[in-house]
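Structure first, commentary second.
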Amino acid sequence: MKDPVYNDTLIEFNERIMRRKRLHQQKIDDLYRAVPQIKSLHDGINRAGLKLALSSIPGESNAKLESIKSEISLLKEDERSLLKSKGYPEDYLEYKPSCNICMDEGYVHGQRCRCFNNLLIEKYYDQSNLKNILSKENFDTFKMNYYSEEKGSYPVSPKMQMEKILHESISFVKDFNDDSPNLYFFGDPGLGKTFLSHCIAKELLDKGHVVIYQTASDIMDIVRRSKFSSSPEDSQNHPSSYLYKCDLLIIDDLGTETLTEFANNELFNLINRRLKDDKKMIISTNLSVNQLEKRYSTRLASRVIGNFLFLEFFGEDIRMKKADIL
Ligand SMILES: [Zn+2]
């Protein structure tokens, strides 16, 4: 692939793994200096391993192979007890990969591993800042006491409504699978839609899911750029294809993008394709159902209305309340 973002990601991925392996080697070298017997045991294990490999040819007697195998397991046993007696964990010499799925190979069954894809998405979608936001905005820092218990003219109190939305959001994260609903967060600004979307993104990213969080305008820019710049043979693996295939796509600020026929069509294609593939979405917007129908084509509005769980945020702007409290 010629995409420069892909190449940068590949370089950074390999550098990260090499750095991790170098640190591991350094740790071992330090150990060998501190406890030289470990090194001689380890050299013995390696020599025996080589002997085993050389003897594993047709014609060698089973007895000889068995004796080398038991020599190795005795040496390993000695190594483990020596480590333990010196106060090190038994598996101190083993390399611990940063990814337990691909063991830092970057591939599983010939396909790029999620750890690589997540790095690619972080770079391509400029999501590296998302991690910083997410350390401050997550379910643990979500405050229910900003929402009023007074019902006023609403059908239920804002607090009660928020509790319902929070409950839906937590189950969405907990039971995230093909049967999860798509969520449509709507209501006035300043009521926590973005905050809650961040909470969900963080939890699912932590679980290793591929999550893309972008505003509707940025999504349209990405689609436009990829349509008009990438060559067709790349399109399957181009990072823009993750808009269609990531586990969760969070479309923030739907309704603020410039609406053209192109945007209307592409937005429909994106949402429709993800619905067909059972790929989940969260839409966060100020648009009510009526406004959604007015702004977009009937086919787009009806796909959204028929396939999303509508959750309305109402009450007073909590950003003002936060500012008062701080
Ligand atoms: Zn991996």
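Remember, predicted model here, so these are calculated numbers, not experimental data. All values below come from the heavy atoms of this structure, side chains included, with hydrogens, waters and symmetry mates left out. Just follow the structure's listing: the first ligand is 1, and inside any ligand the first atom is 1.
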field: Exercise: do Tyr244 and Asn269 side chains pair donor with acceptor under 3.5 Å
entry: no
- request: Work out which heavy atom in Lys227 is nearest to a heavy atom in Phe262; give both atom names and the distance.
  value: CG-CZ, 4.2 Å
query: If you leave out waters, which protein N, O or S atoms are less than 2.8 Å from the Zn ion (ligand 1)?
result: Cys99 SG, Cys102 SG, Cys113 SG, Cys115 SG
message: Tell me the closest heavy-atom pair linking Glu77 and Arg80, and the distance in Å.
response: OE1-NH2, 2.9 Å
field: Side-chain donor-acceptor contact under 3.5 Å, Tyr296 with Asn264
entry: no
- line: Taken to the nearest 0.5 Å, the spacing of Phe314 CZ from Tyr147 OH works out to 11.5 Å
- prompt: Would Glu71 and Lys76 pass as an ion pair if we require N to O under 4.0 Å?
  reply: no
